[in-house]
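Note that the numbering runs from 1 along the sequence shown for the chain.
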Amino acid sequence: MATFSDSTNGKGNDWVQDFLCSACEDKKLEQSADYYCDSCVKFFCRKCIQMHSQLFTKHSPHGRGDMKKWPVVKKVEDFLLKCDVHKEENLASFCKDHSKLCCNTCAFHNHRQCETVMLLTDMVKNTSTDLKQVLVTIQTTLAELRKLQDNQEASIQSVQSSYDEQLHNIQETRQKILAALDMLEKKTLQEMKDTLTKLQASLKSDVDKCSTLGNELNQLRDAFQDISNKSKQELSFIASIKCKDIIQQFENYQKKNFAQLKFSITFHPNSEIMQYLSQLSGLGKIEHYAQSLTAVGNADQIIRIDGESEYDVWEQGDEACGIRDICVLPSGQVLVVDQYNKKVKLLNKQYQVVSHCSVSDKPLGICKITHSEVGVTVGSEVQFIKVNNNQLVKVRKLKFQHDCLGIASHQGDLFVTSGTELYNYSLDGKLVSKLHENKSHTRTVWGCAVSPTGDKLYITNYKQDKLLTLARDGSVLSIFKDPELLGPRCVHVTPAGQVLVCGWVSDTILQIDSKGSRKLATLATEMYSLRSVCYNSNTDSIIVGSVNNKILVYKVK
């Protein structure tokens with residue numbers, strides 16, 4: 001039986017189907033086979049096939065272009081024949097009652113009571129299998145699995161992002177409670193200080209009154225001593241009267257003001273506050289809910305508009321805003337690139353500007369990298385920006401040898417347009433491939449977007465009024481032109497795969513089918529200097545950017 005190598009570049013399997021040259025194996029060498037001879041039942045590399053052809057001129061070996069005539073790989077055969085439960089046994093029968101493949105052990109233990117258990121050798125005599133149809137079904141199912149996996153991964157990112165956001169809200173709530181307590185403390189301290197000032201003022205008045213009366217009595221005492229031996233009856237009489245009057249004032253004052261001789265201030269805590277706080281289970285209520293991550297319908301279901309809202313994204317100190325591209329994070333936060341003010345702006349769920357980050361040149365494109373990070377094209381760079389506690393933070397940047405206009409990302413691949421080329425980079429900036437080139441004019445490769453499954457790329461040709469759909473290897477699948485699409489710059493794909501493209505010159509937004517071959521609908525017309533379009537799956541709405549300081553939000557039915 002032929003053996004095979006594990007060194008080729010297949011994806012998605014536990015093995016890689018690549019046979020080894022039988023002649024080289026005899027010499028204890030590993031060399032990938034390029035031919036199979038069914039007469040010899042052996043495999044040969046390009047070097048060994050020459051000797052084989054000289055010795056066996058009548059044999060007709062089959063090259064890799066005719067691999068359907070090669071035998072099945074041993075590991076593939078074992079994978080299909082071995083029982084999933086009893087790994088060492090081969091499948092031998094099929095139970096029609098349970099639609100289950102069985103080895104002898106399975107048949108004995110689990111299907112003895114079943115009415116129809118047939119040997120596989122008998123089954124295949126009367127059963128035909130359409131492998132092409134099975135393969136189509138597998139591919140369709142794999143695409144659905146990838147979509148489901150992407151949705152669940154987006155859900156993981158969304159729940160993490162919402163956790164981070166609500167953690168910030170909890171901290172803000174705590175700060176508000178502390179601020180309220182600080183205010184209560186401030187008011188209580190002020191009240192106690194006012195009480196102190198009032199008491200001290202009253203006591204100080206008593207002290208001053210006593211001091212005044214004491215001084216007057218001291219003067220009278222000195223006067224009595226001076227006139228006591230001088231027979232000044234008139235002066236003695238006057239002094240006596242004054243002394244009696246002052247003493248009377250003291251006695252009256254004492255009776256009126258000194259019934260209580262000691263004052264103090266005490267604080268009695270508000271026990272209701274502590275009782276209320278002790279009864280609470282937390283700072284608030286924690287809830288969770290599920291929300292659809294995909295747009296309404298499938299990739300070719302037409303989007304219906306139901307209402308329009310307008311929001312201002314201008315900030316103090318801005319010139320007129322030119323919103324060139326838009327990105328929505330799983331958390332519902334919206335980022336817009338403001339070309340004229342060289343800013344990336346963060347909007348909350350109510351589309352209010354809560355933060356911004358200045359960049360070195362006019363930003364043109366933006367795409368989501370992770371649940372909290374985006375990539376922005378700036379000049380000949382891609383600037384990566386992270387959202388942290390409602391603030392935009394620059395984290396790193398990649399420098400390229402070409403202009404950077406449009407940008408898209410999918411599972412670790414970065415797609416960047418230069419105006420005349422579309423490049424595929426890794427997230428660390430390494431060139432993977434140049435996927436497309438058109439140097440007939442400038443700005444022939446402007447905006448770009450990628451399908452949810454990553455199998456198709458969409459690019460706008462601004463100069464020639466086209467939308468191109470490419471396969472992942474860069475081959476052109478379709479070219480779309482329409483009188484309603486003039487000067488297309490921005491193209492966007494919804495999570496369901498619906499393709500939206502906007503024309504700057506025609507001031508239109510069109511929905512194109514997922515193959516990029518025909519127009520499904522004109523969603524908006526006669527919009528002033530339309531620059532960008534993006535679908536917000538958190539709110540099922542379309543966000544449109546222009547140069548009039550505003551964004552428009554269209555609710556989708």
Side-chain angles (χ1 to χ4, degrees), residues 1-94 100-108 118-139 141-142 412 424 426 430-433 455 471-475:
M1 180 65 69
T3 58
F4 59 95
S5 165
D6 293 326
S7 60
T8 53
N9 61 352
K11 292 184 179 180
N13 301 326
D14 294 327
W15 63 84
V16 179
Q17 301 177 19
D18 195 9
F19 294 90
L20 296 178
C21 174
S22 304
C24 290
E25 269 197 297
D26 293 340
K27 302 173 186 177
K28 300 189 182 305
L29 300 174
E30 287 192 3
Q31 181 63 44
S32 180
D34 297 292
Y35 296 89
Y36 170 70
C37 178
D38 48 13
S39 300
C40 300
V41 194
K42 288 189 176 181
F43 295 86
F44 300 95
C45 63
R46 293 184 183 277
K47 182 177 180 182
C48 293
I49 194 63
Q50 296 178 5
M51 181 63 70
H52 170 273
S53 299
Q54 292 174 7
L55 293 174
F56 305 100
T57 56
K58 294 185 178 180
H59 289 191
S60 300
H62 307 291
R64 285 186 172 271
D66 197 17
M67 288 189 72
K68 63 183 179 181
K69 296 182 179 179
W70 289 29
V72 177
V73 177
K74 176 66 167 60
K75 278 196 175 180
V76 173
E77 192 173 82
D78 287 345
F79 168 72
L80 294 174
L81 285 178
K82 292 299 181 183
C83 176
D84 292 338
V85 179
H86 306 97
K87 304 294 184 183
E88 300 304 318
E89 293 195 40
N90 285 345
L91 297 169
S93 57
F94 179 76
K100 287 285 186 181
L101 292 164
C102 318
C103 67
N104 290 330
T105 302
C106 287
F108 178 77
M118 300 181 64
L119 293 174
L120 288 177
T121 52
D122 294 334
M123 282 287 298
V124 297
K125 291 177 183 178
N126 302 314
T127 306
S128 61
T129 304
D130 187 349
L131 291 180
K132 289 185 178 180
Q133 184 58 46
V134 173
L135 186 59
V136 170
T137 303
I138 289 174
Q139 295 293 353
T141 305
L142 283 173
N424 180 192
S426 62
K430 293 180 181 178
L431 178 64
V432 177
S433 62
D455 60 334
R472 190 59 180 263
D473 62 3
S475 57

Check [X] against [Y] and note the closest heavy-atom contact, atom names and distance.
{"X": "Q50", "Y": "R46", "result": "CG-O, 3.6 Å"}
{"X": "H62", "Y": "W70", "result": "O-NE1, 2.9 Å"}
{"X": "Q54", "Y": "T57", "result": "O-CG2, 3.8 Å"}
{"X": "C21", "Y": "C48", "result": "SG-SG, 3.8 Å"}
{"X": "Y35", "Y": "G63", "result": "CD2-CA, 3.6 Å"}

Relative to the ring of F19, is the ring of F43 parallel (under 30°), tilted (30 to 60°) or perpendicular (over 60°)?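 Parallel.
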
With under 30° as parallel and over 60° as perpendicular, where do the rings of F56 and H59 fit, or are they tilted in between?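 Parallel, since the angle between the ring planes stays under 30°.
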
Once you round to the nearest 0.5 Å, how far does [atom1] of [X] lie from [atom2] of [Y]?
{"X": "I49", "Y": "M51", "atom1": "CD1", "atom2": "CE", "result": "11.5 Å"}
{"X": "K58", "Y": "S39", "atom1": "NZ", "atom2": "OG", "result": "11.5 Å"}
{"X": "D473", "Y": "D455", "atom1": "CG", "atom2": "CG", "result": "11.0 Å"}
{"X": "C106", "Y": "L91", "atom1": "SG", "atom2": "CG", "result": "8.0 Å"}

pair L119-F94: side-chain heavy atoms closer than 4.5 Å: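 Counting from C-beta outward, L119 and F94 never come under 4.5 Å.
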
A92: which residues meet the side chain to side chain contact (heavy atoms under 4.5 Å, CB included) condition with it, sequence neighbours left out?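 By the side chain to side chain contact (heavy atoms under 4.5 Å, CB included) rule, A92 matches N104.
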
Test of understanding: with salt bridge (charged side-chain N to carboxylate O under 4.0 Å, His left out), list the residues that count as partners of D38, not counting sequence neighbours.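 So D38 forms no salt bridge (charged side-chain N to carboxylate O under 4.0 Å, His left out) with any residue.
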
Tell me whether M123 at atom CE has more than 12 heavy atoms from other residues, nucleotides or ligands lying less than 6.0 Å away.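 For M123, atom CE is crowded (more than 12 foreign heavy atoms under 6.0 Å).
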
I'd like a table of donor-acceptor pairs (distance under 3.5 Å, sequence neighbours excluded) in which one partner is a side-chain atom from residues 80-87, with atom names and distances.
{"residue": "K82", "atom": "NZ", "partner": "N90", "partner atom": "OD1", "Å": "3.2"}
{"residue": "K87", "atom": "NZ", "partner": "D84", "partner atom": "O", "Å": "2.7"}

Is the shortest side-chain N to carboxylate O distance from D34 to R64 below 4.0 Å?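 Yes.
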
